[in-house]
Amino acid sequence: GLKLGSGERGESDVDIVGIAAGAYINDRATLIVDYISYEYDYADEDTIEELTLTYRQLFGVNNGYYIAIEPHLSAIDYFGDDAARVGIDATWYVTTNFGVSAGISGFAREAEDGDYGRGESFIGVEYFVSENFRIGGKLKSASSEFEADDDYDTESEGGGIEVSASLRF
């Protein structure tokens with residue numbers, strides 16, 4: 001599928017472009033590989049590239065709809081530094097077209113001047129306009145810590161809003 005999005009992270013605008021491919025393991029499980037590029041408007045090296053492997057498992061609930069659980073692992077080129085992310089998301093499909101989601105993830109990066117860690121969480125919604133076209137939005141929250149090699153450590157909190165659309169083909 002193709003992913004397009006735009007949003008805000010902190011005080012920066014970000015454009016999101018990605019492509020994904022998946023394979024069904026059985027009728028309720030999928031393995032997905034995503035490549036996503038995040039282009040920021042403020043940095044010298046203004047792109048983050050992320051390659052993610054996701055396992056998606058659907059569980060039926062009493063009303064005939066589903067809950068999707070998605071653990072994921074990412075390798076990231078973060079403005080030239082190597083980084084990794086691990087997390088888990090869950091989506092409750094309250095109708096066949098509408099889902100409510102939440103997720104948490106941890107991010108780690110080793111830079112030239114120190115180590116950086118970030119914890120993220122989100123709540124979101126998604127709506128399938130058709131079988132192959134999805135729109136969605138997420139409200140994100142994050143807490144980060146930077147441990148500098150020169151003992152100048154910092155902590156910060158933030159968040160943002162992400163709006164996206166996906167086309168499956």
Side-chain angles (χ1 to χ4, degrees), residues 1-10 12-58 67-91 99 101-126 128 131-147 156 158-169:
L2 179 64
K3 296 181 181 183
L4 301 172
S6 182
E8 293 181 7
R9 299 260 170 94
S12 176
D13 292 332
V14 60
D15 293 323
I16 304 162
V17 177
I19 190 162
Y24 287 100
I25 296 169
N26 59 45
D27 63 338
R28 292 196 179 182
T30 309
L31 197 57
I32 304 162
V33 176
D34 280 292
Y35 169 79
I36 300 177
S37 174
Y38 302 87
E39 187 171 320
Y40 290 81
D41 66 356
Y42 69 88
D44 292 336
E45 292 184 46
D46 60 354
T47 302
I48 297 173
E49 296 175 312
E50 184 169 354
L51 183 63
T52 302
L53 180 63
T54 301
Y55 173 77
R56 179 175 223 210
Q57 179 71 51
L58 291 174
I67 294 176
I69 304 294
E70 300 180 12
H72 48 88
L73 177 64
S74 300
I76 304 166
D77 178 354
Y78 190 88
F79 301 118
D81 293 329
D82 291 332
R85 179 188 330 268
V86 64
I88 189 164
D89 302 344
T91 304
S101 58
I104 58 171
S105 65
F107 170 88
R109 159 175 80 94
E110 188 173 306
E112 290 180 21
D113 54 350
D115 297 327
Y116 178 82
R118 181 178 177 100
E120 296 180 331
S121 61
F122 76 86
I123 56 172
V125 295
E126 61 182 47
F128 285 89
E131 185 176 337
N132 295 325
F133 183 63
R134 180 197 69 79
I135 57 173
K138 293 180 181 178
L139 179 60
K140 296 185 170 191
S141 175
S143 176
S144 61
E145 181 176 348
F146 180 68
E147 295 179 7
S156 64
I161 297 171
E162 184 178 295
V163 177
S164 64
S166 299
L167 179 63
R168 291 192 265 184
F169 47 90

Legend entry - Flag if over 12 foreign heavy atoms under 6.0 Å of CG, Asp115: yes

Legend entry - Minimum heavy-atom distance between Thr91 and Gly99, given as atom pair plus value: CG2-CA, 4.1 Å

Legend entry - From Ser74 atom OG to Leu53 atom CG, the distance as rounded to the nearest 0.5 Å: 9.0 Å

Inset, instruction - Calculate, to the nearest 0.5 Å, the distance between atoms OG and CZ belonging to Ser105 and Phe122 respectively. - result: 8.5 Å

Inset, instruction - Give the C-alpha distance, both sets of side-chain angles, the deciding distance and a yes or no for salt bridge (charged side-chain N to carboxylate O under 4.0 Å, His left out) between Lys140 and Glu162. - result: CA-CA 8 Å; Lys140 296 185 170 191; Glu162 184 178 295; 2.9 Å; yes

Inset, instruction - Supply the atom-to-atom distance Ser141 OG to Ile123 CD1, rounded to the nearest 0.5 angstrom. - result: 10.0 Å

Inset, instruction - Measure the CG-CZ distance between Leu73 and Arg85 for me, rounded to the nearest 0.5 Å. - result: 10.5 Å

Inset, instruction - Measure across Ile88 and His72 and return the closest heavy-atom pair with its distance rounded to 0.1 Å. - result: N-NE2, 3.6 Å

Inset, instruction - Return the minimal non-hydrogen interatomic distance between Ile32 and Ala20, and the atom names on each side. - result: CG2-CB, 4.3 Å

Legend entry - Neighbour count above 12 (heavy atom, 6.0 Å) for Glu145 CD: yes

Inset, instruction - Quick one: closest heavy-atom pair of Ser37 and Thr47, and the distance? - result: OG-CG2, 3.3 Å

Legend entry - Pairwise distance OH(Tyr38) to CD(Glu50) - rounded to 0.5 angstrom: 4.5 Å

Legend entry - Identified side-chain hydrogen bond (donor to acceptor under 3.5 Å, both in side chains) partner of Ser164 from the options Glu126, Lys138, Arg134: Arg134

Inset, instruction - Find the distance between CZ (Phe107) and OG (Ser144) and round it off to the nearest 0.5 Å. - result: 10.0 Å

Inset, instruction - Identify the heavy atoms of Ile16 and Ile36 that sit nearest to each other, and give their distance. - result: CG2-CG2, 3.5 Å

Inset, instruction - Establish, from distance only, whether the side-chain atoms of Thr54 and Glu70 form a donor-acceptor pair under 3.5 Å. - result: no

Inset, instruction - Please say whether more than 12 non-hydrogen atoms of neighbouring residues, nucleotides or ligands are located less than 6.0 Å from CG in Leu4. - result: yes

Legend entry - Over all atoms of both residues, closest heavy-atom pair of Ala90 and Ile69: CB-CD1, 3.8 Å

Legend entry - Geometric cation-pi criterion, Arg109 with Tyr116: 6.0 Å, 45°: yes

Inset, instruction - Could I get the full list of side-chain contact (heavy atoms from CB on, under 4.5 Å) partners for Ala29, not counting sequence neighbours? - result: Ile25, Asn26, Tyr55, Gln57

